[in-house]
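Beneath this line is the structure, given in structure tokens, with notes to follow.
In this chain, numbering begins with 1 at the start of the sequence shown.
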Amino acid sequence: MAAENNQEWGKPVDQADFVHLVRMSEHASADNSRAYRRSVAAFAALGYAWVLGCLGLAAGIVLWVVPQLLQGRFRFAMVWLLLGAAGLLWVSLRALWVRFDAPEGVEITALEAPELFEALERIRRKIKGPPIHKVTLNDEFNASIQQLPKYGLLGGAVNHLSIGLPLLMALDRPRFLAVLAHEYGHLRGDHGRFAAWIYRTRLSWMRLNHSLADDEGPVAAATQAFMRWYFPRFSAKTFALARQDEYEADRIAGKLLGRDVTAAALAEIEIRGAALQAEFWGHHWCGAAGNPLPVGPYRSMRRYLAEAPDAAFANDALRQALKRLSSVDDTHPGLRDRIEALDATPTLPDWSHGNALTLLGDGAKRWVKHFDKQWCRDNATEWKQHHAWLERVRTRAEALSASIAQSSAAELVELARLKRHLDPRADVRALYELALERSAEYPPALCGLVPCLPEDDREGKLLLLHRVWEAGSNDRYWAARTALAELETPRMGRDHDAAAFKQWRKRLERAQESEERAWEELSGTSFFSQIARNDLSPFELAELQSELARCAPLTRCWLVRKNLREHPQRRAYLVFLELPGMDDESRYHLCRALERNLSLPGPALALWAGESPTLKEIQRYAFDPIYTR
């Protein structure tokens, strides 16, 4: 391919080049799928040829040099050549025999969950897939099949199915089986085997790329140069295949369980996942205020997921999910593209009737208890730290309450926030109303009062949101989103207000354009330009550190403020994370989750230390870490 041949040897691919290569692979796949697959296979073979060529070269040098040395023809050059060949041989063998850890979780068997294994066998027969070698249960809101290389690049595969207990709690049986059918669909027939082989190869190259990153010496340098050239191009070239595989897996799930069931499962997973992150986990950690010892979350999560999400929240979460475009950062297509590919309508689903825990047989309660205990063990230190921080919150709230007669609007809003930290259901309406008496158009007080109003007080909410908009604050986008979510939510005895909906939709479009320019400035410019030390108060910093302590994979974190020309008064941030021991896809999803959930007073872009930015660049330009585990 011309674009690839013009690349300098050993030069890494930047983001623009990577996107270009991905688009070229997508066009090639669309023009001629068979030819595209042949080109993918040939490019994969190039990687194997490099490894096997290095192995053969190293073995040849060793076979030539060793007899020379044994015959007494000693030369220093031969010794160095032998050492280089030994290094090349070692690197080649490492490449051929990359080892992978099995997915975490507790193994479950057909004796413990016969209905689950019967369902898996029915799906396997229908799609003519390979057997599942191991099924594990974990605490994630997810399900996945991982086909791990058994012998690295040499081939072989072990099929692991990982099932998240929270997902079993959230979905009814048909929708959960649609998820399993999607995952099993990745292993279907000949096309599935080819895609799975490419996936395993990609996984092996990724692991090898990370394992060689810190190696030194001429052999390592040559191998790293090849990896910098080959691996990003291999990832880009196989991207279209991975994206097609996701659509095909959805199609299989739709064929087996029904397109509407599959589409409803996709939408419900998106909304329930957002609710867990935005509501449930924050409320659960608030329990540390009254409990110095950790409390397991899964029994209460089961009750939480048995109830329908708040209607306005669900509407907003679905709108945000449908707005996200399919991107080159993730091989999974966007929600809208996936649902439309099923010929279904992207709309708010009816919620699941019951759950899928019955697939675990009589041991469902035992598993809930098991993961509650495990969570308590794993989070004992973080819970203790959070309990101590909430005690400081209580002390600060008591101090502000004692001087409420003289408090400013900002102090009253702070007090309301602190009370909600201690009790998510605390009645703080009076505090926000008092803040507005002292500063009539104070945006944080207007924003805080909106969710305090009764559910059926639509006029009151829209009036407050209009005042937020007119204040010309940095909260216009939030105001428009909240207003539209409210107007889309059916309320007893209320007709649809088409005029107000049209007005707020236009406002949202305007605000969204401004937000996109600001986000492009935050994410598109050089990471270390227009930055300054973070401006968090000691209390804000302590709150952030308490949240970071709950992020188990994190070892260090840096925070800088990014000055935006689009919104000069807005507090925006870059969060740099050191996340050892994770693959890039897991790092990507963790960063996106942190962007949504960290308690920062403005938008944030989370980036992990890797190829761009590197750990050295972060240490040089991002000031001192704000958190070290």
Test item: Glu183 side-chain N/O and Leu180 main-chain N/O as donor-acceptor pair under 3.5 Å:
no
Is it the case that the side chains of Asp245 and His186 hold a donor-acceptor pair, with the cut-off being a distance below 3.5 Å and no angle test?
yes
Check step by step if side chain to side chain donor-acceptor pair (under 3.5 Å) holds for Gln277 and Asn597.
CA-CA 7 Å; Gln277 291 296 331; Asn597 300 310; 3.1 Å; yes
Within the distance-only criterion (no hydrogens, no angle test), does the side chain of Arg476 pair as donor or acceptor with the backbone N or O of Trp469 below 3.5 angstrom?
yes
Say you draw a straight line from CG of Leu167 to CG of Asn138; how long is it, rounded to the nearest 0.5 Å?
10.0 Å
NZ (Lys506) with more than 12 external heavy atoms under 6.0 Å
no
Determine the minimum heavy-atom distance between Leu415 and Ala397, stating which atoms define it.
CD1-O, 3.5 Å
Donor-acceptor under 3.5 Å (Asp337 side chain, Pro333 main chain):
no
So, Glu391 and Arg394, do they make that salt bridge, N to O below 4.0 Å?
yes
Residue pair Arg556 / Pro625: nearest heavy atoms and the distance that separates them
CD-CG, 4.4 Å
Taking everything shown except Arg299 itself, do over 12 heavy atoms lie less than 6.0 Å from its CZ?
no
Residues which pass side chain to side chain donor-acceptor pair (under 3.5 Å) with Asn315, listed by chain and number, not counting sequence neighbours:
Thr489
Would you please classify the geometry between the Trp281 ring and the Tyr298 ring as parallel, tilted or perpendicular, with 30° and 60° separating the classes?
perpendicular
Pick from Arg377, Arg550, Arg629: which one makes a salt bridge (charged side-chain N to carboxylate O under 4.0 Å, His left out) with Glu382?
Arg629
Tyr442 and Tyr432: CA distance, side-chain angles, deciding distance, ring-ring contact (aromatic ring centres under 6.0 Å, His included) verdict:
CA-CA 10 Å; Tyr442 186 52; Tyr432 286 121; 9.7 Å; no
Can you tell me how far CG of Asn142 sits from CG of Leu165, rounded to the nearest 0.5 angstrom?
13.0 Å
If the threshold is 4.0 Å, N to carboxylate O, is there a salt bridge linking Arg517 and Glu566?
yes
Tell me every residue that passes ring pair (Phe, Tyr, Trp, His ring centres under 6.0 Å) with Tyr304, counting only those two or more places apart in sequence or in another chain.
Phe280
Using 4.0 Å as the upper bound for N to carboxylate O, is an ion pair formed by Arg417 and Glu543?
yes
Over all atoms of both residues, closest heavy-atom pair of Ile339 and Ala267:
CD1-CB, 4.5 Å
Is a side-chain donor or acceptor of Ser25 paired with a backbone partner of Val22 at a separation under 3.5 angstrom?
yes
Short N-O contact, Glu26 and Arg23, less than 4.0 angstrom
yes
With no hydrogens and no angle check, do the side chains of Ser514 and His567 hold a donor and an acceptor under 3.5 Å apart?
yes
Do Arg302 and Ser300 come within less than 4.5 Å of each other through their side chains, counting heavy atoms only?
no
Would you check if there is a donor-acceptor pair between the side chains of Arg565 and Gln530 at a distance under 3.5 Å?
yes
Measuring from atom CG of Leu422 to atom CG of Leu418, what distance do you get when rounded to the nearest 0.5 angstrom?
7.0 Å
With sequence neighbours excluded, tell me which residues meet salt bridge (Lys or Arg N to Asp or Glu O under 4.0 Å) with Arg243.
none
Glu515 bridged to Arg570 by N-O distance under 4.0 Å
yes
Flag for Ser599-Glu547: side-chain donor and acceptor within less than 3.5 Å
yes
I need the Ser162 OG to Ile145 CD1 distance, nearest 0.5 Å.
9.0 Å
What are the two closest non-hydrogen atoms of Asp250 and Leu342, and how far apart are they?
O-CD2, 3.4 Å
Might you point out which heavy atoms bring Ala511 and Tyr477 nearest each other, and give the distance in Å?
CB-CA, 3.8 Å
Apply ring pair (Phe, Tyr, Trp, His ring centres under 6.0 Å) to His386 and list each qualifying residue two or more places apart in sequence or on a separate chain.
Trp285, Trp389
Would you check if Cys376 and Val295 make a side-chain contact, meaning some heavy-atom pair closer than 4.5 Å?
no
Could you work out, with side chain to side chain contact (heavy atoms under 4.5 Å, CB included) as the rule, every residue matching Ala274, not counting sequence neighbours?
Phe313, Ala317
Using atom types as modelled and distance alone, determine if a side-chain donor or acceptor of Thr614 lies under 3.5 Å from a backbone N or O of Glu617.
yes
With sequence neighbours excluded, residues passing side chain to side chain donor-acceptor pair (under 3.5 Å) with Arg505:
none
Is the closest basic N to carboxylate O distance between Arg303 and Glu307 below 4.0 Å?
no
Does anything in residues 267-278 pair up under salt bridge (Lys or Arg N to Asp or Glu O under 4.0 Å), and if so which pairs, sequence neighbours excluded?
Arg175-Glu268, Glu268-Arg272, Glu270-Arg324
Donor-acceptor side-chain pairing of Arg396 and His421 below 3.5 angstrom
no
How would you list, by chain and number, every residue that makes a side chain to side chain donor-acceptor pair (under 3.5 Å) with Tyr573, sequence neighbours excluded?
Asp535, Arg571
Check for a donor-acceptor pair, side chain of Ser352 on one end and backbone N or O of Asn355 on the other, with a separation under 3.5 Å.
no
Stepwise side chain to side chain donor-acceptor pair (under 3.5 Å) check, Lys616 with Gln619:
CA-CA 5 Å; Lys616 289 182 179 178; Gln619 291 173 321; over 6 Å; no
Charged N to carboxylate O under 4.0 angstrom, Arg319 versus Glu488?
yes
Quick one: does any side-chain atom of Thr238 pair with a main-chain N or O of Phe234 as donor and acceptor, under 3.5 Å?
yes
Mark yes or no for whether Arg481, through its side chain, and Asp316, through its backbone, hold a donor-acceptor pair below 3.5 Å.
no
Arg429: partners by salt bridge (Lys or Arg N to Asp or Glu O under 4.0 Å), with sequence neighbours left out:
Glu433
Keeping Trp375 on the side-chain end and Asp139 on the backbone end, is there a donor-acceptor pair under 3.5 Å?
no
Those residues that, when tested against Glu246, pass salt bridge (Lys or Arg N to Asp or Glu O under 4.0 Å) (two or more places apart)
none
With sequence neighbours left out, write down each residue that passes salt bridge (Lys or Arg N to Asp or Glu O under 4.0 Å) with Lys461, or none if nothing qualifies.
Glu486
Tell me whether Tyr247 at atom OH has more than 12 heavy atoms from other residues, nucleotides or ligands lying less than 6.0 Å away.
yes
Residues in side chain to side chain donor-acceptor pair (under 3.5 Å) with Ser586, at least two apart?
Asp583
Closest non-hydrogen atom pair between Pro294 and Ala380, with its separation
CG-CA, 4.1 Å
Within the distance-only criterion (no hydrogens, no angle test), does the side chain of Arg587 pair as donor or acceptor with the backbone N or O of Leu579 below 3.5 angstrom?
yes
Heavy-atom side-chain contact between Trp558 and Leu577 under 4.5 Å
no
